[in-house]
Amino acid sequence: MTAFKSDFLNTLQERGFIHQCSDFEGLDALAAKGEATAYVGYDCTAPSLHIGNFLTMMMLYWLQQSGNKPITLMGGGTTMVGDPSGKDETRAIRTVAEIEANKASIRGVFAKVLRYSDGASDAIMLDNAEWLTKLNWIEMLRDIGKHFSVNRMLTMDSVRLRLEREHEMSFIEFNYMVCQAYDFVELAKRTGCRLQMGGSDQWGNIIMGVDLGRRMGAHQLFALTTPLLTTASGAKMGKTAQGAVWLNADQFSPYDFWQYWRNTEDADVGKFLKLFTTLPMSEIRKLEALAGSEINEAKKVLATEATALLHGRDAANEAAETARRTFEEGALAETLPSVEIPRGELDSGLGVLNAFVKAGLVASNGEARRQIKGGGLRVNDEPVTDEKMTLSPANLTPEGVIKLSFGKKKHVLVKPA
């Protein structure tokens with residue numbers, strides 16, 4: 001393990017964040033002096049960011065903790081183009097109104113992890129729509145496009161993999177790396193930014209920015225990427241049976257977020273404690289040394305600390321207590337996730353398949369049928385055996401709810417509205 005001069009790179013290395021870097025020595029010297037202003041870009045493709053974005057937010061967190069300055073760049077401009085990285089098909093083109101709504105929904109999450117103000121190491125937030133939407137096409141071709149080699153662009157993973165699979169790439173997507181590279185140069189000019197960070201799938205795009213900066217006379221720029229997240233079993237991290245693990249509470253509740261980490265595979269507990277909590281390494285080493293059933297205690301710590309970081313300590317403790325009451329006492333915890341159903345639907349008889357879909361526990365009626373055959377669905381802790389079963393006011397518990405369960409750990413309370 002390399003010993004760096006800067007706390008920033010030492011921390012990232014010790015916690016497992018580093019995958020590639022364009023120049024370790026140069027970046028280390030910069031960070032040691034507190035001069036490593038760095039950014040991560042976040043496109044506005046959905047109303048919430050996801051766990052992959054949480055990872056890069058943690059890189060910015062440790063950058064700030066080491067006395068350096070983080071920039072969160074909202075992709076108001078690049079979202080209009082669409083990043084082809086890791087995709088076999090063209091991303092849906094979103095309207096300006098959709099992008100603005102997503103941007104407004106996303107931007108609040110960063111302040112939960114980063115400190116924003118006017119100080120030397122305080123974070124700032126910018127939006128690349130500010131400059132990308134004002135570029136004149138002919139001037140852009142002449143002043144920026146002349147620095148790009150199509151031969152080299154074709155070798156980038158985001159392009160090469162699409163072409164190798166004989167999947168079409170639109171001209172607008174081909175320009176995404178040009179936009180991202182120009183962002184880096186523009187931020188260098190506006191803020192003195194020297195470093196761009198991202199997932200390893202962004203390496204080619206980031207290096208394009210480093211090279212463009214050199215060609216356009218910017219100060220030396222640096223690239224740093226983190227490994228793409230996978231679980232010990234090789235699955236892509238951040239996916240559940242119900243979809244992505246979102247960071248916004250209205251998209252994915254603090255309780256569901258807590259449960260996601262509680263269900264971590266044993267072999268991943270140490271890794272995720274390093275990446276997604278701010279616990280000292282000495283404490284993490286003790287937790288990852290636990291074996292047998294004791295590893296479950298480490299998982300609870302992981303779940304509570306990761307949830308506290310994103311949703312606050314009170315929400316994390318409430319989620320932990322809800323889980324304890326539900327699983328250890330067998331009690332009905334009224335703080336479980338809930339969904340409201342119009343009273344009229346219950347009065348007329350709500351089909352059980354439809355109820356589980358409305359609760360978000362399954363994606364479709366077909367999936368509900370399959371789970372019933374396998375004994376995976378329960379109503380008020382009783383197994384569902386008849387797919388034609390209907391729910392009515394008679395199913396309401398004394399607390400006035402109906403408890404739907406998928407497996408042992410996923411529960412939603414249906415509340416009549």
Side-chain angles (χ1 to χ4, degrees), residues 48 50-51 231 233 235-246 249-266 296 299-300 303 307 318-417:
S48 172
H50 53 75
I51 276 191
T231 64
S233 59
K236 185 175 180 180
M237 192 186 168
K239 295 289 185 183
T240 69
Q242 287 70 52
V245 178
W246 301 108
D250 59 350
Q251 300 272 115
F252 201 79
S253 73
Y255 174 80
D256 286 333
F257 195 74
W258 191 95
Q259 277 295 334
Y260 176 79
W261 297 107
R262 172 63 180 82
N263 294 333
T264 294
E265 295 178 33
D266 291 1
N296 290 323
K299 291 180 184 181
K300 292 175 187 176
T307 305
E318 183 178 279
E321 176 60 14
T322 298
R324 188 190 68 78
R325 289 190 62 206
T326 303
F327 306 124
E328 294 176 18
E329 294 181 4
L332 174 61
E334 292 181 18
T335 47
L336 284 169
S338 64
V339 60
E340 290 191 343
I341 300 290
R343 181 80 191 205
E345 289 192 34
L346 272 185
D347 289 340
S348 59
L350 176 62
V352 71
L353 303 180
N354 192 18
F356 276 89
V357 173
K358 284 178 178 287
L361 288 168
V362 294
S364 65
N365 286 355
E367 184 184 350
R369 288 190 185 94
R370 289 192 295 275
Q371 293 299 333
I372 287 172
K373 289 178 182 176
L377 302 186
R378 297 192 310 284
V379 172
N380 293 334
D381 297 322
E382 294 296 325
V384 178
T385 56
D386 180 6
E387 66 179 51
K388 294 181 180 179
M389 173 185 177
T390 58
L391 304 182
S392 71
N395 296 106
L396 293 171
T397 66
E399 294 84 0
V401 299
I402 301 173
K403 180 183 176 186
L404 304 184
S405 304
F406 176 5
K408 295 181 179 180
K409 296 184 179 180
K410 294 176 182 176
H411 311 276
V412 171
L413 302 182
V414 172
K415 297 182 177 182

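Side chains included, hydrogens not; waters and symmetry mates left out as well; all remaining heavy atoms used.
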Student: Between K299 and T264 (side chain of the first, backbone of the second, donor and acceptor by atom type, cut-off under 3.5 Å), is there such a pair?
Tutor: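 Answer holds: yes.
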
Student: Which residue pairs pass the salt bridge (Lys or Arg N to Asp or Glu O under 4.0 Å) test with at least one member in residues 370-379, sequence neighbours excluded?
Tutor: none

Student: Please tell me if the side chains of V352 and D386 come closer than 4.5 Å, counting only heavy atoms from C-beta onward.
Tutor: no

Student: Looking only at heavy atoms, what is the nearest atom pair of A303 and W258, with distance?
Tutor: CB-O, 3.2 Å

Student: Under 3.5 Å, side chain of N263 to main-chain N/O of Q259, donor-acceptor pair present?
Tutor: yes

Student: Compare every heavy atom of P337 with every heavy atom of D256, then report the nearest pair and how far apart it is.
Tutor: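 Nearest heavy atoms, D256 then P337: OD1-CG, 3.8 Å.
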
Student: State, yes or no, whether a side-chain contact exists between I372 and M389 at a heavy-atom distance under 4.5 Å.
Tutor: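 When only atoms from C-beta onward are counted, M389 and I372 do not touch, as no gap falls below 4.5 Å.
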
Student: With side chains defined as the heavy atoms from C-beta onward, is the minimum distance between V357 and N365 less than 4.5 Å?
Tutor: yes

Student: Kindly give the heavy-atom pair with the smallest separation between A319 and P254, and that separation in Å.
Tutor: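 Residues A319 and P254, closest heavy atoms: CB-O, 4.1 Å.
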
Student: Checking E340 now: which residues fulfil salt bridge (charged side-chain N to carboxylate O under 4.0 Å, His left out) with it, not counting sequence neighbours?
Tutor: none

Student: Are any side-chain N or O atoms of E345 and backbone N or O atoms of I341, one a donor and one an acceptor, separated by less than 3.5 Å?
Tutor: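 Answer holds: no.
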
Student: Going from NE2 on H411 to OG1 on T322, what distance comes out if it is rounded to the nearest 0.5 angstrom?
Tutor: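 Between H411 NE2 and T322 OG1, I get 11.0 Å after rounding to 0.5 Å.
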
Student: Are any of the side-chain heavy atoms of Q371 and L361 separated by less than 4.5 Å?
Tutor: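 They are not in contact (no side-chain heavy atoms under 4.5 Å apart), so the answer is no.
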
Student: Quick one: closest heavy-atom pair of F252 and Y260, and the distance?
Tutor: CE2-CB, 4.4 Å

Student: Contact between I51 and W261 at the side-chain level, heavy atoms closer than 4.5 Å - yes or no?
Tutor: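 Heavy-atom side-chain distance check passes, below 4.5 Å.
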
Student: Let me see the working for L391 and V379 under side-chain contact (heavy atoms from CB on, under 4.5 Å), right down to the final yes or no.
Tutor: CA-CA 9 Å; L391 304 182; V379 172; 4.0 Å; yes

Student: Just verifying a value: how many Å separate T390 OG1 and L353 CG, rounded to the nearest 0.5 Å?
Tutor: 11.0 Å

Student: Going by heavy atoms in the side chains, are I402 and L346 under 4.5 Å from each other?
Tutor: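 The answer is yes, as the side chains (C-beta and beyond) meet within the 4.5 Å cut-off.
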
Student: What pairs with R343 under salt bridge (charged side-chain N to carboxylate O under 4.0 Å, His left out), at least two apart in sequence or on another chain?
Tutor: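 Testing R343 for salt bridge (charged side-chain N to carboxylate O under 4.0 Å, His left out), a comparison that skips the adjacent residues, returns D347.
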
Student: Hey, could you give me the OH/CZ distance between Y255 and R262, rounded to the nearest 0.5 Å?
Tutor: 10.5 Å

Student: How about L404 and V339: do any of their side-chain heavy atoms sit closer than 4.5 Å?
Tutor: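 A side-chain contact under 4.5 Å is absent here.
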
Student: Shortest non-hydrogen contact from A368 to L377?
Tutor: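 Looks like O-CD1, 3.6 Å.
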
Student: Hey, what do you get for CZ (F356) to OG (S405), rounding to the nearest 0.5 Å?
Tutor: 7.0 Å

